[in-house]
Amino acid sequence: MTGQPLPGFRDFFPKEHSALRSIFQAWREASRRSGFSEYEGPELESLDLYKEKSGDEIVGQLYHFKDKGDREVALRPEMTPTFARMVASQHRNYRKPIKWFSVPRLFRYERPQRGRHREHYQWNCDVVGEKSAAAEAELISTLCLGLSLLGLGPKDVVVKISDRSWWDSFLAKHGVGEKEKPDVLRILDRMEGSTPEQRKEKLGVLAGPVEDAWEGRGGDSPALMEVRKGVEALGYGEWCETDLRVVRGLAYYTGVVFEVHDRSGKLRAVAGGGRYDDLLKKLGGEDLPATGFGMGDAVLAELLREKNIQSVEPSAAEIFVVAEAGEKAMGLALVGQLRRGGFCADYDPGAGKLGKQLELAEAKGARWALLVGRESAEGKFGLKELATRRQVEVRWSKGPDGNICLEPNPGEWAKVVGS
Ligand code: HAM
């Protein structure tokens, strides 16, 4: 036993978990404000679901095995196939466009490195049943809202928008057949930052025209321009750039694709997505247009650290009840009642000396210590604000329902101690 998780897997101790929850909160809030409904699917799927749909890269990274019923199964490496399977089977029961989101934990056997692990959480938003660029505009503005709720803006990140169908026509025009296309797209996907010599070596005669396309000399994509107009109308124009270098590694994309990168270009993509109009049909469903994106927690957390954005939730223990040996029952009654009343209340179950209880209160980051001592028999508790050490008296009495009434009540304590 090493005390360490498996390579590429992460332990989330409470502080790290609190940072993770802040990310989840921003994702859920942005989804909610933009009219997406949350769904969830199984962590384990049939291996076949990924074999043809996701493309070679992801299939090579699958955690797969035979279950006890001799089925070939895989831990989900991405959510899109599950989402498409679910929508294909039930779409008749839902009004279009379907706008759903999810925050699954995903598993890919990748080489662990900065921002890349063998598991990660990924915010997925997808729109089904909308052919127009309004769907992409909706998605891009939602992801920008999510990032802005975390304190990031267009100076920190850029949404690079491209068009896979533009590349399809480009490759057809240059004589690349359907069979070779996935390989060429995969090479293009990895060409970012390459030298002209490397491009010549990998792409041969295509190197020159590819370079022209990258520099914007290869002609426009009307679909991409429509998306940019839509995003602009929703107020996120300055977050976006056209960049045909983006082709996306996954096999199922058919139209406009996009990626979110940090402006400094130091990190890998924070998010990626695009249109996948054929996937639902391939899964035996109806021919429904679809588009979506995935944003991972790991690169995002790296970026927030780089930008010095602390997103840790406040300590859980708001009020710490400190009781003298003879007042334990009163202390527990208070803890229970405060919790039922909506406050975060904690106490020392070992209930040692008062000093020790106060030390624990401070270590837990509590704001208030409610001191239950001998004066409680006279209807009084002490109230201490731990950071300022200011102390005042709180009166208590038993209400007609048997509850303990505090005067002033906790909502007014800050005013009473003058902070
Ligand atoms: P993806 O580009 O493979 O797309 O992943 C999206 C994001 O998930 C990446 O930009 C990255 O932030 C994060 N991510 C991916 N792999 C890892 C990893 N090993 N460790 C940490 N973070 C990672 C998809 O998965 C598509 N299914 C997204 C989508 C949804 N397209 C349409 N709808």
Side-chain angles (χ1 to χ4, degrees), residues 12-29 32-33 148-151 301 304-305 307-419:
F12 288 91
F13 289 95
K15 187 163 163 248
E16 289 84 43
H17 198 261
S18 163
L20 180 68
R21 278 201 311 279
S22 312
I23 291 177
F24 287 177
Q25 249 168 32
W27 287 350
R28 289 206 159 88
E29 182 60 15
R32 192 185 66 79
R33 288 194 205 173
S148 68
L149 291 175
L150 286 163
L304 291 170
R305 259 194 294 279
K307 299 281 164 192
N308 240 332
I309 299 175
Q310 293 268 331
S311 46
V312 178
E313 289 175 337
S315 144
E318 193 180 358
I319 304 170
F320 205 93
V321 176
V322 172
E324 274 184 17
E327 302 294 336
K328 267 187 170 177
M330 172 61 103
L332 288 176
L334 266 169
V335 168
Q337 193 178 308
L338 285 164
R339 288 177 181 169
R340 285 191 292 280
F343 298 95
C344 304
D346 204 355
Y347 69 104
D348 179 357
K353 294 213 168 79
L354 286 188
K356 284 265 177 263
Q357 293 185 48
L358 277 167
E359 268 177 33
L360 185 62
E362 292 201 6
K364 292 233 167 174
R367 177 165 184 198
W368 306 105
L370 193 55
L371 309 165
V372 184
R374 246 162 280 141
E375 315 78 61
S376 73
E378 297 152 32
K380 293 179 211 160
F381 299 135
L383 174 68
K384 188 169 188 165
E385 189 177 37
L386 290 164
T388 59
R389 313 245 167 238
R390 284 193 201 120
Q391 191 163 332
V392 292
E393 230 166 49
V394 174
R395 300 207 57 86
W396 76 271
S397 57
K398 268 242 155 92
D401 50 3
N403 273 344
I404 304 162
C405 305
L406 297 172
E407 180 57 46
N409 72 50
E412 292 162 322
W413 288 353
K415 251 193 285 165
V416 178
V417 297
S419 57

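Residue numbers run from 1 in the order of the sequence given.
For the pair E16 and R305, the salt-bridge criterion is not met [side-chain N within less than 4.0 Å of a carboxylate O].
Going from atom NZ of K398 over to atom CD1 of I404 covers 6.0 Å, rounded to the nearest 0.5 Å. The OG atom of S22 sits 10.5 Å away from atom NE2 of H17, with the distance rounded to the nearest 0.5 Å. Rounded to the nearest 0.5 angstrom, R389 CZ and K384 NZ are separated by 5.5 Å. Atom CZ of R340 sits about 6.5 Å away from atom CG of N403, to the nearest 0.5 Å. Taking CD of E393 as the reference point, atom CG of L371 lies at 11.0 Å (rounded to 0.5 Å).
Taking F381 as the reference, W396 meet the ring pair (Phe, Tyr, Trp, His ring centres under 6.0 Å) condition, with sequence neighbours excluded. Applying the salt bridge (Lys or Arg N to Asp or Glu O under 4.0 Å) test to K356 and every residue at least two apart in sequence or in another chain returns nothing.
Under the 3.5 Å distance criterion, the side-chain polar atoms of Q357 are matched with a main-chain donor or acceptor of G352. Looking at W368, its side chain never comes within 3.5 Å of a backbone N or O of E318 through a donor-acceptor pair. Between the side chain of R395 and the backbone N or O of E407 there is no donor-acceptor pair closer than 3.5 Å.
Across all their heavy atoms, G151 and I309 have their closest contact at O-CD1, 3.5 Å. I23 and L150 make their closest contact through CA-CD2, 4.0 Å (heavy atoms, listed as atom of the first residue, atom of the second, distance). Taking each heavy atom of L386 and A366 in turn, the nearest pair found is CD1-O, 3.4 Å. The nearest pair of heavy atoms linking P408 to V416 is CG-CG2, 3.5 Å. Of all the heavy atoms in P410 and I319, the pair that sits closest is CB-CD1, 4.2 Å.
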Kindly determine whether L358 and K353 satisfy side chain to side chain contact (heavy atoms under 4.5 Å, CB included), including the steps that lead there.
CA-CA 9 Å; L358 277 167; K353 294 213 168 79; over 6 Å; no
Take L360 and K364 through the side chain to side chain contact (heavy atoms under 4.5 Å, CB included) test and state the conclusion after the steps.
CA-CA 6 Å; L360 185 62; K364 292 233 167 174; 4.3 Å; yes
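The shortest side-chain heavy-atom distance between W413 and L406 falls under the 4.5 Å cut-off.
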Contacts table for residues 320-335: side-chain donor-acceptor under 3.5 angstrom, sequence neighbours left out:
residue: E327; atom: OE1; partner: S376; partner atom: OG; Å: 3.0

